[in-house]
Number of protein chains: 2
Amino acid sequence: MTTINDVAERAGVSPKTVSRVLNDHDSVSARTRDRVRAAMKDLDYQPNAVARSLRARGSGSVGVLMGDPSGGYHTRVHHALLLACVETGRHLSVDLSEGPIPGWDDRIRAFVEDSGIREMILLPPECDFGPMKALMRELDVRCVLISPTTPDPQFPAFAMDDRAAAREVVEHLFSLGHTRIGHIAGHPDHVASTLRRNGFFEAYAAAGLPRPGPELIVQGEFTFKTGLEAARRLLELDEPPTAIFAANDDMAAATCMEAQRRGLRIPDDLSVVGFDDAPIAGVIWPSLTTIRQPFEQMALRALQTLGAWSVNEGAGKTNTPFLARHSLVVRESTGPVRSGAPPRRKT
Amino acid sequence: MTTINDVAERAGVSPKTVSRVLNDHDSVSARTRDRVRAAMKDLDYQPNAVARSLRARGSGSVGVLMGDPSGGYHTRVHHALLLACVETGRHLSVDLSEGPIPGWDDRIRAFVEDSGIREMILLPPECDFGPMKALMRELDVRCVLISPTTPDPQFPAFAMDDRAAAREVVEHLFSLGHTRIGHIAGHPDHVASTLRRNGFFEAYAAAGLPRPGPELIVQGEFTFKTGLEAARRLLELDEPPTAIFAANDDMAAATCMEAQRRGLRIPDDLSVVGFDDAPIAGVIWPSLTTIRQPFEQMALRALQTLGAWSVNEGAGKTNTPFLARHSLVVRESTGPVRSGAPPRRKT
DNA sequence: GCCGCGACTGATAGCGCTAACTTTCAATAT
DNA sequence: ATATTGAAAGTTAGCGCTATCAGTCGCGGC
C-alpha cells in the first residue's frame, strides 16, 4: 500500500504538501502541484479514506435506515439512492430499522458511530418519528427527509406532489372520454391517500364536472386483497364506472384481475390506472398506466442538499418540502371509452 | 466525545489496559477489568470504530453490490443480509453494480478502500463474473458467493437446492391427487430453470409414474408475460393439466390470471404453484403456494463463514455450495384434484 | 542595503486505538 | 533470604492523514 509519505518522498516534498494538493488547499505553486500529481500517478496512489475519516471525524458515507422491503417502496428509494451516491461520489451504509423496539436508539447510535456517518436519509416512517430526529440532532448528523407526512422545519424534505399527480391521472382519463370514474382510495392512515383522493375530486372541479357520488369512492388499504374487494364493489354497481383509478399499483393490479375474472377486457371495457409504478405495474398484463414516483430526482436532490450543507448552513430547511416532478406513464391498461354498447356484465 | 484515555484516567489504568479489556485480550485481573468496565459505563464510552479501522486496516462492514432491484431477488437478499448483520454485529455497505462497464473495477476498488471493506458478499450475476472475483483476490477481500451458477473452489458458496424443492412441489401435488401436471420452465439461460425442471421429472420417476409428455412442458422466461402465454398453451391442450407448476412466482401469478380469465376457479379447477415466495405470491388472490427461498439462512451462514474465516483459513471453500433448507409454503392456490367433472373450458 | 511582506513549504503533533516491547511485582523454588 | 518466574500493567511507537505553527525565500520600499 502506498501512503502519502511515499508520494511525498518521490515528489521530493513534505507529506503536508501532498495533502494540500489532494485537497486543493492553500497555495501550492503550479510546479510543485504537477510534480506531486505525477508522483501520485506513478505510484498509483489512493488516499486512505479511513485515515481521513479519523481526522475528519466522519466518513463520506451516507446512512439510511431500511425497514421491511415488501412494499417495494424502500427498494426503489434504495436503488435511487445508490444511483445518487454514484453521482455525488459517496457510499451508502444501510442499517435495519425495526421500529421503536427497546434499544433502538443504541443501535442507531452504534450504526452512526461505527460507520462514521455524518449524513443520513430518513425515509417513512422514520422521517416522522420525533425521537429519531432528536437523536440525529444529538449526534450532530445532518438529515434530510424523504416523503414525510408532516414536514419539519429542522430538516430539508423531499417529496412528490400526490395531489397534482392524481389530478393528472383523472385528466388523462377525461381525455380518453371517461367521465364516470371510480376511485379506490388508499389506507386511511396515510396522508398520500387523502392527497390522491383530493386530487381526484379537484380534477372534476377544474373540469366543471359534477363531483362523483360517494358510491364511486371505495376505501382500500393499499393491499391486493382490499383492491380485489373494492373493485368488486365498483363493478357491481348498477351503473359501473368505465375507468377505475386505484391509489396504488397493487390495488390496480387487483382491479385488473377482478375485472378479467368477470369477463371484462382491459382497456376496451374498463380502463385502470394505478399509482407508484411499482414493479408489478410493468409486469402484469395488461401493463398498468400509472404515476412514476420521482425517486431518482428526490434522492439526487437529497444528496446534493447534504453536500451543500456546510456552505449555506440551514438552507433548504423549510416547512414545505421540495416537490420533485413525477410523470404519468401510459401503458396498456387505459384506452378510449367505448361509446355505444355498455360493458358486458357477468356475475 | 469520550476516548479510551478518558476511561483509562478514570479507572486509574493505562489506555492499553482499557484496550485489552475492550478486546478480551491477554490477561487482565478481574478487579482491574471490573474497574475499567465501570469507568466505561460511567462515561458512556463508545469505542471509535473509525480509529479501530485505521489500525486494523479494515472496518467491520461487509460490502455488497446491488444491481437492478426490479426482479425482487436482490431486495430480499438485501433484507436478509441486514438481518444477518444485526445478528453478527456488523454493518452493511452497499454499492451499485452496473455490470462490466468501463471503469467498473476502479469503482469497486474505491468502494472497498473508502469503506474499509475486507469482506464481501457476491450475488448473481457478479458471483459468476471472473474478473470480479480476481479483483477481490487482488484486494485481499474475503468473499462468499450466494447462489452462483458455477461454484468456485476459491470461495465458499451458499445456495438452495432447486432440484429437491421442485421435487417437493410435485410431491405436494401428487399428495392432492394430481398426476397430470404442467410445468412452465424458466429462462433457459439460468441453471435454476434446468434444476427445477429436473426436479419435476425426478418426482415422477421416484413415484414410478410415466414421465409427462413434452406438451406439458412449456418454456417461459421468468416474466409475467411469458407466463401468460405459457399458461394459455397449457390450458388449451385437449387434455389440460389439473395443476401447473411454474418456475417462479411471476409466471405462476400470470397462470392464475389466465386461468381466471377463462373462468377456471383456483384451486377448485386448477392448482397453481410458484417458486421463490416473491412479494406477489402473498399478495394476489388466491395467494400462491410456493417455495420460500431460504435467504435468511443463506445470509446468516454467509456472514458467519466470513466471521470464522481467520480461524480456519480456507475452510468452507469447496466445489459444492452449502445448500440452505428451503420450505414449501402452502397457501390458497393448491387444492385436491376435482374428481368427476373435468374442468369447464372456455375459449 | 536592509527590513518587511507575502507566497510557498516543512517540521511537529496529534486524531483514537492497538501491537510490540518493557517494566513491575507477588508468588514460588532453591 | 535470594533468584526465578510469569502474570499484570505500562511505555512507546506508530496506522495514514491533516492542522498548526514556524520557517524559507524572493522582492519591492525606505
Side-chain angles (χ1 to χ4, degrees), chain A residues 1-37 39-40 43-61 109-110 112-118 139-140 310, chain B residues 1-40 43-61 109-110 112-118 140 310:
Chain A
M1 162 170 250
T2 60
T3 78
I4 203 171
N5 296 297
D6 303 331
V7 176
E9 194 174 340
R10 173 150 189 140
V13 298
S14 79
K16 174 60 193 163
T17 301
V18 178
S19 167
R20 274 194 266 256
V21 173
L22 270 175
N23 301 289
D24 292 329
H25 264 298
D26 291 56
S27 40
V28 178
S29 74
R31 224 165 54 86
T32 319
R33 192 175 50 240
D34 292 344
R35 211 141 37 90
V36 171
R37 290 251 167 82
M40 295 201 295
L43 298 171
D44 196 24
Y45 169 70
Q46 288 280 131
N48 179 326
V50 176
R52 266 187 180 175
S53 305
L54 178 60
R55 286 248 45 161
R57 309 181 149 276
S59 66
S61 295
R109 208 181 287 267
V112 167
E113 278 163 2
D114 288 1
S115 312
I117 285 175
R118 319 256 34 221
L139 294 173
D140 195 26
S310 53
Chain B
M1 164 171 246
T2 60
T3 76
I4 203 171
N5 296 296
D6 303 331
V7 177
E9 195 175 339
R10 174 152 188 135
V13 298
S14 79
K16 174 62 193 164
T17 301
V18 178
S19 167
R20 275 193 267 255
V21 172
L22 270 174
N23 301 288
D24 292 328
H25 264 296
D26 291 58
S27 39
V28 178
S29 75
R31 224 164 55 85
T32 319
R33 191 174 52 240
D34 292 345
R35 210 138 40 88
V36 171
R37 290 251 166 83
M40 296 200 294
L43 297 171
D44 196 24
Y45 169 70
Q46 288 280 132
N48 179 326
V50 176
R52 264 186 182 177
S53 305
L54 180 59
R55 285 249 46 163
R57 309 183 147 275
S59 67
S61 294
R109 210 181 288 266
V112 167
E113 278 164 3
D114 288 0
S115 312
I117 285 176
R118 320 255 35 220
D140 196 27
S310 55

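Here is how names work: the chains are called A, B, and so on, in the same order as the sequence lines, proteins then strands, and each is numbered from 1. Quick caveat: nothing in here was measured; it's all calculated off a predicted structure.
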If you check every side-chain atom of B/Arg52, which of C/dT18, D/dC17, D/dA8 has the closest atom? C/dT18

Has A/Thr32 got a side-chain N or O lying under 4.0 Å from the OP1 or OP2 atom of C/dT9? yes

Is the shortest side-chain N/O distance from A/Ser19 to OP1 or OP2 of D/dC17 below 4.0 Å? no

Phosphate contact (C/dT9 OP1 or OP2) by A/Ser14 side-chain N/O below 4.0 Å: no

Considering every strand and a 4.0 Å limit on heavy-atom distances, what is the contact class for B/Val18: base, sugar-phosphate, or nothing? nothing

If you look at every strand shown and take non-hydrogen atoms under 4.0 Å, does B/Asn5 touch a base, only sugar-phosphate, or nothing? nothing

How many Å lie between NE2 on B/His25 and P on D/dA9, as a whole number? 16 Å

Rounding to a whole Å, what distance do you find between A/Leu43:CG and D/dG16:P? 14 Å

Checking B/Arg52 against B/Leu22 for the side chain to side chain contact (heavy atoms under 4.5 Å, CB included) test, could you report, in this order, the C-alpha distance in whole Å, the side-chain angles of both residues, the deciding distance, and whether it holds? CA-CA 12 Å; B/Arg52 264 186 182 177; B/Leu22 270 174; 3.8 Å; yes

At 4.0 Å (heavy atoms only), tell me whether B/Val50 reaches a base, stays on the sugar-phosphate, or touches nothing. nothing

Please confirm whether the shortest side-chain N or O distance from A/Asn48 to OP1 or OP2 of D/dC15 is below 4.0 Å. no

How many Å lie between CG on A/Leu54 and P on C/dA13, as a whole number? 18 Å

Quick one: side chain to side chain contact (heavy atoms under 4.5 Å, CB included) partners of B/Arg37, sequence neighbours excluded? B/Val21, B/Asp24, B/Arg33, B/Met40

Toward the 5' end of DNA chain D, by each residue's nearest nucleotide, B/Pro15 or B/Ala51: B/Pro15

Expressed as a whole number of angstroms, how long is the span from B/Arg57:CZ to D/dG16:C1'? 9 Å

Hey, is the side chain of B/Ser53 poking within less than 4.0 Å of OP1 or OP2 on C/dC17, counting only N and O atoms? no

Do the non-hydrogen side-chain atoms of B/Thr32 and B/Thr17 ever get within less than 4.5 Å of each other? yes

What is the distance, rounded to the nearest whole Å, between atom CG of B/Asp6 and atom C1' of C/dC15? 13 Å

Which of D/dT18, C/dG10, D/dG16 is nearest the side chain of A/Thr3? It is D/dG16

Nucleotide D/dC17, atom C1' - distance to CZ of A/Arg20 in whole Å: 13 Å

Check the distance between C/dC15's P and A/Arg55's CZ and give it to me in whole angstrom. 8 Å

Would you sort out whether B/Ile4 and B/Ser19 count as a side chain to side chain contact (heavy atoms under 4.5 Å, CB included), showing the intermediate values? CA-CA 7 Å; B/Ile4 203 171; B/Ser19 167; 3.9 Å; yes

Would one find more than 12 heavy atoms of other residues, nucleotides or ligands at under 6.0 Å from atom CD of B/Gln46? yes

OP1 or OP2 of C/dT9 under 4.0 Å from side-chain N/O of A/Thr17: no

Return the value, rounded to whole Å, for the distance between atom CE of B/Met40 and atom C1' of C/dG16. 15 Å

In this structure, are over 12 heavy atoms from other groups packed under 6.0 Å from A/Glu113 atom CD? yes

Does a side-chain N or O from A/Ser29 land closer than 4.0 Å to OP1 or OP2 of C/dC8, or not? no

Would you state whether a donor and an acceptor, one from the side chain of A/Lys16 and one from the base of D/dA19, lie under 3.5 Å apart? yes

